[in-house]
Amino acid sequence: MSLQTMERRDGMWRTAVLAGAVALIAASYFLWPQPEPPASPSTAAVAPPESAPAPTPAPAAEPVIEHPIEAVKSPEAAPPVALDASDGPIAAALGHLLGDERLRKWFHTDAMVRRFVATVDNLSRPTVAMKVRSLQPVPGGFEVVRDGDAIMVSAGNSARYAPYVQALERVDAKQFAGVYLRFYPLFQQAYEELGYPKAYFNDRLVASIDHLLAAPEPPTPLRLTQPKVLYEFEDPQLEALSAGQKAMLRLGPDNAQRVKAKLRALRAEITASAPKP
C-alpha cells in the first residue's frame, strides 16, 4: 500500500495491539491413465486383466497449532455470548479498560469481533480495507515538509498519535489479554467464517504481532515522493512494506518503540513462547 490518503488510513496501528499465519495445505490427486494391455498372439478374444485397485490417498495432515490458548488459560466450555450478539459485551469490556468515551470516539462499535479478525488477517498484506477496520481514522491531516523538490514526513506528525499511544501505555496488558482470552471462541469462529475453517486465529494474531515487531526503523525524516496525487515512500524497500509495517513507520520512531513494547507485553500474555528474532 502506498501512503494513499494517509489522513484516512493512519489509524490501523491501533488495531494491531489487540492484536500466526497457519497455512492450509490442500492435497491434489491426479488420476494417471492405465497402460493399454499388450496385444494377444491369439485371435481369440481375451478378457482384459483386472486392474489393481487405486491406493487410498492418505488423509491430509491437520494444521499444527503453534500457540494454543489452552497453554495460557483454562478452556471454556462455550463462548460467553453468541458472535452476532457480542458487540455489547465486547464494548463493555473494552470500555472498562479504555474508557467509554474513547471507545465511542475511536472504535467502530458494530461487528467488533469480525472487524478485529479481518484487520489482524490483513496487517501483513498490502492493504487493510477501510470497511473492515476496527478503529476510526486519526483526526487531522497527514503532515509533510517540503524543501525544494524534496518531500519529507513532518516530525510533528507523530503528535497526532500521542493520545492513542498514551492510552495504550496505561492499559494493563494482562487485563487486555484477559478480554481476548475470555472471548476467544468468538474470534476463532469469526476467523473460520472469514475463510479459514481449519486455521487457528491465535496463531494468526501472534504472527501479525511478530510482523509488526519486525517493522524496520529507518533514519528520519522519511523521504516521500508524489507521483500524482498520493504520497509514496521514496525508498522502494519501504514502499514495498505491508500495510501494518507502513503504519508503524508513520507513527514516528518514539511512538513506534512504545507501541512495540506494548505488543511484546501483549504477546507474552497470549502465548507461552518468546517472539521470533
Side-chain angles (χ1 to χ4, degrees), residues 1-24 66-67 90 94 106-108 111-138 142 161 164-165 168 171 173 176-177 179-180 184 186-188 190-196 199-218 222 232-233 237-252 255-271 275-277:
M1 179 186 73
S2 67
L3 291 178
Q4 300 177 357
T5 55
M6 292 185 177
E7 58 272 22
R8 292 177 295 141
R9 297 194 172 196
D10 49 16
M12 70 183 70
W13 66 269
R14 295 165 285 149
T15 308
V17 304
L18 299 175
V22 178
L24 299 179
E66 297 183 27
H67 305 288
I90 292 288
L94 292 178
W106 292 353
F107 284 78
H108 293 287
M112 296 183 76
V113 171
R114 289 187 173 97
R115 284 179 179 274
F116 173 66
V117 166
T119 300
V120 168
D121 187 51
N122 281 276
L123 284 173
S124 61
R125 307 185 195 281
T127 62
V128 178
M130 293 290 291
K131 65 181 181 179
V132 303
R133 294 182 188 175
S134 293
L135 290 104
Q136 305 281 356
V138 176
F142 183 77
Y161 308 101
Y164 303 96
V165 176
L168 171 63
V171 173
F176 212 88
V179 174
Y180 168 71
Y184 181 76
L186 303 182
F187 293 98
Q188 179 63 35
Y191 192 48
E192 293 174 5
E193 290 180 0
L194 195 61
Y196 305 98
Y200 198 66
F201 179 68
N202 199 49
D203 285 347
R204 183 59 173 153
L205 176 57
V206 172
S208 293
I209 291 176
D210 288 343
H211 180 73
L212 295 177
L213 292 175
E217 300 175 4
L222 295 174
E232 297 179 359
F233 287 114
Q237 291 186 331
L238 299 183
E239 181 58 29
L241 294 176
S242 68
Q245 290 189 341
K246 283 182 178 179
M248 295 295 288
L249 294 184
R250 290 198 294 273
L251 291 177
N255 284 338
Q257 285 295 327
R258 294 158 70 184
V259 169
K260 285 183 177 182
K262 185 59 70 172
L263 286 174
R264 292 187 185 96
L266 175 63
R267 189 193 193 282
E269 296 295 338
I270 63 172
T271 179
K276 297 177 181 178

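Positions are given from 1, in the same order as the sequence printed here.
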Participant: Among side-chain atoms of Y196 and D121, is any donor-acceptor pair under 3.5 angstrom?
Facilitator: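 Y196 vs D121: donor-acceptor pair found between side chains.
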Participant: What do the steps show when you test L135 against H108 for side-chain contact (heavy atoms from CB on, under 4.5 Å), and what is the final call?
Facilitator: CA-CA 6 Å; L135 290 104; H108 293 287; 5.8 Å; no
Participant: Under the side-chain hydrogen bond (donor to acceptor under 3.5 Å, both in side chains) rule, collect the residues that match up with E217, sequence neighbours excluded.
Facilitator: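 For E217, the residues satisfying side-chain hydrogen bond (donor to acceptor under 3.5 Å, both in side chains) (neighbours in sequence not counted) are Q257, K260.
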Participant: Would you please test Q188 and Y200 for side-chain contact (heavy atoms from CB on, under 4.5 Å) and show each step?
Facilitator: CA-CA 7 Å; Q188 179 63 35; Y200 198 66; 3.7 Å; yes
Participant: Where do T119 and R133 come nearest, in terms of heavy atoms and distance?
Facilitator: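 Taking every non-hydrogen atom into account, OG1-CA, 3.4 Å.
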Participant: Quick one: side-chain contact (heavy atoms from CB on, under 4.5 Å) partners of A190, sequence neighbours excluded?
Facilitator: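 By the side-chain contact (heavy atoms from CB on, under 4.5 Å) rule, A190 matches L83, V113, R114, V117.
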Participant: What residues, two or more places apart in sequence or in another chain, satisfy salt bridge (Lys or Arg N to Asp or Glu O under 4.0 Å) together with E192?
Facilitator: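 Salt bridge (Lys or Arg N to Asp or Glu O under 4.0 Å) list for E192, sorted by chain: empty.
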Participant: Could you give the distance from CG (L94) to CH2 (W106), rounded to the nearest 0.5 Å?
Facilitator: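 Answer rounded to 0.5 Å: 12.5 Å.
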Participant: List for me each residue that meets side-chain contact (heavy atoms from CB on, under 4.5 Å) alongside A129, sequence neighbours excluded, and say none if there are none.
Facilitator: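 By the side-chain contact (heavy atoms from CB on, under 4.5 Å) rule, A129 matches K131, V132.
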Participant: Please name all residues satisfying side-chain contact (heavy atoms from CB on, under 4.5 Å) with N122, sequence neighbours left out, ordered by chain then number.
Facilitator: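 Here the qualifying residues are R125, V128.
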Participant: Are any of the side-chain heavy atoms of E66 and V206 separated by less than 4.5 Å?
Facilitator: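 Side chain of E66 against side chain of V206, heavy atoms only: no contact under 4.5 Å found.
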Participant: Measure the CZ-CD distance between F107 and Q136 for me, rounded to the nearest 0.5 Å.
Facilitator: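 F107 CZ to Q136 CD: 10.0 Å, rounded to 0.5 Å.
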Participant: How far apart are the closest heavy atoms of A173 and L266, and which atoms are they?
Facilitator: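 That closest heavy-atom pairing would be CB-N, 4.1 Å.
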Participant: Quick one: pull up OG in S124 and CG in D210 and give me the separation to the nearest 0.5 Å.
Facilitator: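 Between atom OG of S124 and atom CG of D210 there are 11.0 Å.
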Participant: Carefully, step by step, assess Y184 and Y180 under the rule ring pair (Phe, Tyr, Trp, His ring centres under 6.0 Å).
Facilitator: CA-CA 6 Å; Y184 181 76; Y180 168 71; 5.6 Å; yes
Participant: Taking only residues two or more places apart in sequence or in another chain, which ones pass side-chain contact (heavy atoms from CB on, under 4.5 Å) with Q245?
Facilitator: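 Once residues adjacent in sequence are excluded, the partners of Q245 under the side-chain contact (heavy atoms from CB on, under 4.5 Å) criterion are H211, A214, A215, P216, L241, S242.
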Participant: With a 3.5 Å distance limit and no angle check, can you tell me whether E239 reaches the backbone of F233 through a side-chain donor-acceptor pair?
Facilitator: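 Judged by distance alone, yes, a pair lies under 3.5 Å.
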Participant: Return the CD1 to CG distance between I270 and L205, rounded to the nearest 0.5 Å.
Facilitator: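 Output value for this atom pair is 4.0 Å.
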Participant: Does R250 form a side-chain contact (heavy atoms from CB on, under 4.5 Å) with Y161? I'd like the steps, not just the answer.
Facilitator: CA-CA 9 Å; R250 290 198 294 273; Y161 308 101; 4.0 Å; yes
Participant: Quick one: closest heavy-atom pair of H67 and N202, and the distance?
Facilitator: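 The answer is O-ND2, 2.9 Å.
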Participant: What I'd like to find out is whether the side chain of R267 reaches to under 4.5 Å of the side chain of L263, using heavy atoms alone.
Facilitator: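 No; the side chains remain at least 4.5 Å from each other.
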Participant: Should F201 and F116 be marked as a side-chain contact (heavy atoms from CB on, under 4.5 Å) after you check the CA-CA gap, both sets of side-chain angles, and the distance that decides it?
Facilitator: CA-CA 11 Å; F201 179 68; F116 173 66; 3.9 Å; yes
Participant: Would you indicate whether the side-chain heavy atoms of V259 and K262 approach each other to under 4.5 Å?
Facilitator: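 No. Closest side-chain heavy atoms not under 4.5 Å.
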Participant: Considering non-hydrogen atoms only, spot the tightest contact between V120 and S208 and give its length.
Facilitator: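 Nearest pair, atom of V120 first, then S208: O-OG, 3.0 Å.
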